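Letters go in sequence order (proteins before strands), and every chain restarts at 1. This one's a predicted model, so the numbers in the text were calculated from it and none came from an experiment.
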Amino acid sequence: MCLAIPGKIVEINDNWALVDFDGIKQNVIIALIQNPEVGKYVIVHAGYAIEQMDEKDALEAIEQWKELAQDQDLNLEDIL
Amino acid sequence: MEIPGTELLKSKIFTEKIVKSINRIIKDLNTPIKIMHVCGTHEHTISKYGLRSLLPKELEVLSGPGCPVCVCPAADIDKAIELGKRDDTIITTFGDMIRVPATNISLAELKAKGGDIRIVYSPHDAIKIAKENPEKEVIFFAIGFETTVPLIGYEIQSKPPSNFSVICAHKLIPAALELLISQSQLKIDGFISPGHVSTIIGLKPFKLFSDAYRVPNVIAGFEPNDVLVAILMLLKQKKEKRYETLNEYSRVVKPEGNKKAQEIISNVFESISSPWRGIGRILDGGLKIKKEYAEYDTDKKFDIDIEKSQDIPPGCSCHLVMIGKLYPYECKLFRKECTPINPIGPCMVSMEGTCSIYFKYYKEEYPK
């Protein structure tokens, strides 16, 4: 039920945006997020964007893990 | 579409590394540990990817009441069914809801008998149906946790047509955590909290809870490695005797949550003591529509009289499965009388119901 999937904003029309989900484009309501911007990622639940994030932030959040995952000598429990 | 970098969250090498760390901490702790999640989507990830089979036997991961369809009281479904029997109504709701057995029949059975019951993907679709059918009363049967609440709130405050109203059966997650932890016999060592509920409400409601009850909490995403990292973060807190709320899903969840969505919720709804199916009444466990928006409140608009309802049919153990006291396969109806084709209890219906997930993913060997 609380399933929400990411997509990228392609076009904005007032409270609606055309969002690209891996090639399939759908209109979603963007009235629940602040300052929606074309090119940013949104998390979409039942036809409404519930959060927006930019690629840089998303990558940053994952990048720290990449290092943890790749370092053979590192014990995760010492870092997290 | 995936956010760039997400492939790491499915990488087996990373999984192995996390599991090694989990094993080391469990060995140090040298005591059985119980972790509970409260989200059907988390249970789905755990079961689909067989995560329980990767974990040491001292570590139990329990499924809590994280399926909104399952915790919706039979009385609310009975109410929707009574309204759906009228000639002048159209009942709209999410797909998961219509097959859930209520006291006598389900909405799907009413539909088969000719009731105008329609599945919608989005609450906005229900508004469209109301506009297209001005001669009918269009009722949206609104279920869901905080993730879903602002969607309906937005539609209500956007002045929908006057033939539209909402059965407000929304439930709130932090209150349920409080109830679970107060059940002392469960002895939960840590909670994995749902990432998309937290996307809306932020970390604070969970922080209040981990502070007050000294139980660690980690907000987690939905990829397999998200869940495993969350478990590791809980175990580490346990080992260091810390009781914090940490955010594993920081690529989406902002500490403050979604302020705009929170404003909509507090504008349209107020929290109430609310019954959860099979669990009982939970203080601040649900929402009602504020009187300013009473014209869209189905309860205010219609005089509905429901006779005594029945949440748990005889023999069904959903009330125990939902709070992690029983595994689905410990229920005597599981896989016998009760199957996804012929569900007896609510947990066998939804794709997020614990019984339905166990039916699908655990064929022969059940996890501990």
Side-chain angles (χ1 to χ4, degrees), chain A residues 1-8 10 15-16 19-36 40-80, chain B residues 1-6 8-9 11 13-14 17-18 20-22 24-25 39-41 66-69 94 96 121-125 143-148 150-151 154 158 194-197 199-200 222 225 229 232-233 235-236 239 246 249-254 258-261 264 350 352:
Chain A
M1 255 307 292
C2 294
L3 194 69
I5 53 165
K8 202 173 196 172
V10 178
N15 276 334
W16 290 81
V19 173
D20 179 359
F21 301 95
D22 243 349
I24 298 165
K25 289 179 186 150
Q26 271 186 344
N27 280 306
V28 309
I29 294 174
I30 47 171
L32 304 180
I33 54 171
Q34 259 156 3
N35 310 318
K40 288 205 172 176
Y41 287 86
V42 278
I43 298 286
V44 177
H45 169 60
Y48 300 69
I50 58 166
E51 190 51 277
Q52 176 176 246
M53 56 202 167
D54 63 31
E55 199 166 330
K56 193 175 133 276
D57 290 348
L59 276 172
E60 258 174 32
I62 292 190
E63 203 57 36
Q64 44 174 8
W65 282 12
K66 215 169 222 166
E67 287 165 25
L68 300 180
Q70 280 162 358
D71 188 338
Q72 291 298 320
D73 303 322
L74 210 60
N75 287 339
L76 285 177
E77 67 268 32
D78 299 335
I79 311 295
L80 286 170
Chain B
M1 173 169 292
E2 286 185 343
I3 304 298
T6 307
L8 180 69
L9 301 172
S11 129
I13 298 167
F14 193 27
K17 209 170 158 75
I18 306 164
K20 264 186 198 164
S21 289
I22 288 175
R24 277 193 292 263
I25 299 197
C39 175
T41 315
C67 158
V69 162
F94 293 123
D96 266 3
Y121 160 67
S122 153
H124 194 74
D125 296 342
I143 50 140
F145 299 128
E146 289 90 333
T147 319
T148 316
L151 285 50
Y154 166 72
S158 302
H196 293 139
V197 165
T199 301
I200 303 295
F222 302 94
N225 288 344
V229 167
L232 180 56
M233 289 164 90
L235 292 174
K236 198 182 175 201
K239 187 181 161 189
L246 302 174
Y249 197 33
S250 61
R251 64 188 186 279
V252 172
V253 176
K254 294 175 182 153
N258 179 339
K259 292 262 183 197
K260 207 170 169 188
I264 292 171
S350 165
E352 301 210 325

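- Between B:Leu151 atom CG and A:Ile50 atom CD1 the span is 8.0 Å, to the nearest 0.5 Å.
- Side-chain atoms of B:Lys260 come within 3.5 Å of backbone atoms of A:Ile33 as a donor-acceptor pair (strictly under, hydrogens ignored).
- Looking only at heavy-atom pairs under 4.5 Å with chain A, the residue among B:Pro123, B:Cys39, B:Gly66, B:Gly195 that has the most is B:Pro123.
- The two residues B:Ser122 and A:Ala46 come nearest to each other via the heavy atoms CB-O, 3.1 Å.
- With values rounded to the nearest 0.5 angstrom, A:Ile43 atom CD1 is found 12.0 Å from B:Asn258 atom CG.
- Of the two parts of B:Ile18, the backbone and the side chain both hold a non-hydrogen atom closer than 4.5 Å to a non-hydrogen atom of chain A.
- The line from OG1 of B:Thr147 to OH of A:Tyr48 is 14.0 Å long, rounded to the nearest 0.5 Å.
- Here OH of B:Tyr249 is found 10.0 Å from CD of A:Glu51. Values are rounded to the nearest 0.5 Å.
- Distance check, rounded to the nearest 0.5 Å: OH of A:Tyr41 to CZ of B:Arg251 gives 13.0 Å.
- For B:Pro194, no part sits under 4.5 Å from any heavy atom of chain A, backbone or side chain.
- The two atoms that bring B:His196 and A:Leu3 nearest to each other are ND1-C, 4.3 Å, heavy atoms only.
- Contact annotation for B:Ile264: only side-chain heavy atoms (C-beta onward) come within less than 4.5 Å of a heavy atom of chain A.
- Judged by distance alone, with hydrogens and angles left aside, the side-chain atoms of B:Tyr154 form no donor-acceptor pair with the main-chain N or O of A:Leu32 at under 3.5 Å.
- Interface remark: B:Val197 contributes side-chain atoms only to the contact with chain A (heavy atom separation under 4.5 Å).
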